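Remarks on the structure that follows.
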Amino acid sequence: MPDMLVKLYNLEEKKEYKDELLKKGIMIRKAISPEKHIITKWVEKHFNEHWKSEAESAFSNNPVSILIAIDIEKGKMIGFSCYESTCKNFFGPTGVDEEYRGKGIGKVLYLQALYELKHMGYAYCIIGDAGPIDFYKKHSDAYIIENSSPGIYEGILR
């Protein structure tokens, strides 16, 4: 899959998306180090070992560069979003529990990660090996970087 590029300098912050989720009992926040074992196990269980490794890498940053979604009532993690984990200025991986998909959680995790990168001073963000291309185009006007496949993940050990 190709990489994608997102302009961060004109990305408008939409706090209302996060607020709407909170009204529905879903909190999006930055993870903290004492949660690393819980979060990385969850990522591996719901997705794969490679994404677990990238989530672990996000915990080595200061501040931590992983966001989580929590079902407040059930007190459980339901999604995550990494940035600056595989490479500087990269977004991903990100994922939401199948039971919670289609509720806007992925959109908020994605956009919040972009806002974090913007606040770090980046003008652009790279989505490496972008999966849901139409999703990224729709929510951030991301566009495909020509000749970017295979990208940074070429030759990855599997």
Side-chain angles (χ1 to χ4, degrees), residues 1-22 24 26-31 39-40 42-59 61 63-71 77-156 158:
M1 283 178 260
D3 294 342
M4 297 185 82
L5 192 66
V6 180
K7 294 179 198 172
L8 299 176
Y9 55 84
N10 62 3
L11 185 69
E12 188 179 323
E13 213 161 323
K14 305 248 183 190
K15 189 175 182 311
E16 61 268 19
Y17 293 155
K18 199 172 169 182
D19 291 342
E20 287 171 21
L21 282 182
L22 197 53
K24 297 175 185 175
I26 307 295
M27 177 191 298
I28 306 290
R29 66 166 173 80
K30 273 191 173 187
I39 293 167
T40 56
W42 186 92
V43 171
E44 182 177 27
K45 177 183 175 188
H46 292 271
F47 296 97
N48 60 59
E49 290 177 324
H50 295 284
W51 285 13
K52 175 188 177 189
S53 294
E54 290 179 287
E56 287 173 339
S57 178
F59 275 98
N61 292 327
V64 170
S65 59
I66 184 168
L67 301 164
I68 56 173
I70 300 166
D71 180 322
M77 182 173 159
I78 58 172
F80 79 106
S81 178
C82 295
Y83 55 97
E84 292 243 317
S85 61
T86 300
C87 293
K88 288 283 192 190
N89 200 23
F90 259 53
F91 166 77
T94 187
V96 175
D97 184 314
E98 283 186 35
E99 179 186 337
Y100 289 85
R101 291 180 189 165
K103 300 177 188 289
I105 298 164
K107 174 178 75 174
V108 177
L109 284 166
Y110 170 58
L111 291 174
Q112 189 62 43
L114 295 182
Y115 304 147
E116 296 291 336
L117 288 165
K118 181 179 180 178
H119 293 301
M120 292 170 73
Y122 291 111
Y124 295 90
C125 167
I126 298 166
I127 305 168
D129 199 29
I133 290 171
D134 291 336
F135 172 88
Y136 295 129
K137 284 181 179 180
K138 177 181 177 182
H139 295 297
S140 65
D141 292 326
Y143 56 92
I144 292 173
I145 301 172
E146 294 300 324
N147 302 312
S148 62
S149 182
I152 190 75
Y153 299 102
E154 180 179 18
I156 189 172
R158 299 232 181 234

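The structure displayed is predicted, hence computed values, not measured ones.
Scanning for salt bridge (charged side-chain N to carboxylate O under 4.0 Å, His left out) contacts around Lys14 gives an empty result, with sequence neighbours left out. The salt bridge (charged side-chain N to carboxylate O under 4.0 Å, His left out) test applied to Glu44 returns Lys52, not counting sequence neighbours. Taking the side chain to side chain donor-acceptor pair (under 3.5 Å) definition, one finds that Glu13 meets it with His119, sequence neighbours left out. Lys45 is linked by a salt bridge (charged side-chain N to carboxylate O under 4.0 Å, His left out) to nothing, counting only residues two or more places apart in sequence or in another chain. With sequence neighbours left out, the ring pair (Phe, Tyr, Trp, His ring centres under 6.0 Å) criterion links Phe80 to Phe47. Partners of Tyr143 under the ring pair (Phe, Tyr, Trp, His ring centres under 6.0 Å) rule, at least two apart in sequence or in another chain, do not exist in this structure. Not counting sequence neighbours, Arg101 has no partner by the side chain to side chain donor-acceptor pair (under 3.5 Å) test. Remark: Tyr153 engages Glu54, Thr86 in a side chain to side chain donor-acceptor pair (under 3.5 Å) (not counting sequence neighbours). With sequence neighbours excluded, the residues satisfying side chain to side chain donor-acceptor pair (under 3.5 Å) with Asp71 are Tyr100. In this view, Lys24 satisfies the salt bridge (charged side-chain N to carboxylate O under 4.0 Å, His left out) rule with no residue, not counting sequence neighbours.
In this structure the side chain of Leu117 reaches within 4.5 angstrom of the side chain of Asn89, judged on heavy atoms. Side-chain contact between Tyr110 and Ile127 is present, with at least one heavy-atom pair separated by less than 4.5 Å. Between Tyr83 and Thr94, the closest side-chain pair of non-hydrogen atoms is not below 4.5 Å. Residues Ile133 and Pro2 have side chains in contact (heavy-atom distance under 4.5 Å, counting atoms from C-beta outward).
In this structure, Ser85 contributes its side chain and Gly92 its backbone to a donor-acceptor pair below 3.5 Å. Between the side chain of Ser53 and the backbone N or O of Glu49, at least one donor-acceptor pair lies under 3.5 Å. Although no hydrogens or angles enter the test, the distance criterion places no donor-acceptor pair under 3.5 Å between the side chain of Asp97 and the main chain of Met77. At least one donor-acceptor pair closer than 3.5 Å links the side chain of Asn61 to the backbone N or O of Glu84.
The structure places CG of Asp129 at 9.0 Å from OG of Ser148, a figure rounded to the nearest 0.5 Å. Put simply, SG on Cys125 and CE on Met4 are 10.5 Å apart, with the number rounded to the nearest 0.5 Å. In this structure, CZ on Phe91 lies 15.0 Å from OH on Tyr122, to the nearest 0.5 angstrom.
For Asp19, the CG atom is densely surrounded, since the number of other residues' heavy atoms within 6.0 Å is greater than 12. Remark: Asp141 CG is loosely packed, at most 12 non-hydrogen atoms of other residues, nucleotides or ligands lying under 6.0 Å away. Applying the 6.0 Å contact sphere to CG of Leu22 captures more than 12 heavy atoms from other residues, nucleotides or ligands. Heavy-atom neighbours of Glu16 CD from other residues, nucleotides or ligands within 6.0 Å: above the threshold of 12.
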Worksheet item: Is there a side-chain contact (heavy atoms from CB on, under 4.5 Å) between Phe59 and Glu56 once you walk through the steps?
Response: CA-CA 5 Å; Phe59 275 98; Glu56 287 173 339; 5.7 Å; no
Worksheet item: Going through the checks in order, is the side-chain contact (heavy atoms from CB on, under 4.5 Å) test met by Tyr17 and Leu111?
Response: CA-CA 9 Å; Tyr17 293 155; Leu111 291 174; 3.7 Å; yes
Fill in: side-chain contact (heavy atoms from CB on, under 4.5 Å) between Leu109 and Ile28, intermediate numbers included
CA-CA 7 Å; Leu109 284 166; Ile28 306 290; 3.9 Å; yes
Worksheet item: How far apart are the C-alpha atoms of Cys87 and Ile126, what are their side-chain angles, what is the distance that settles it, and do they pass the side-chain contact (heavy atoms from CB on, under 4.5 Å) test?
Response: CA-CA 9 Å; Cys87 293; Ile126 298 166; over 6 Å; no
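For the salt bridge (Lys or Arg N to Asp or Glu O under 4.0 Å) condition, no pair includes a residue of residues 102-112, sequence neighbours left out. Pairs passing the salt bridge (Lys or Arg N to Asp or Glu O under 4.0 Å) check and including a residue from residues 109-127, sequence neighbours excluded, read Lys30-Glu116.
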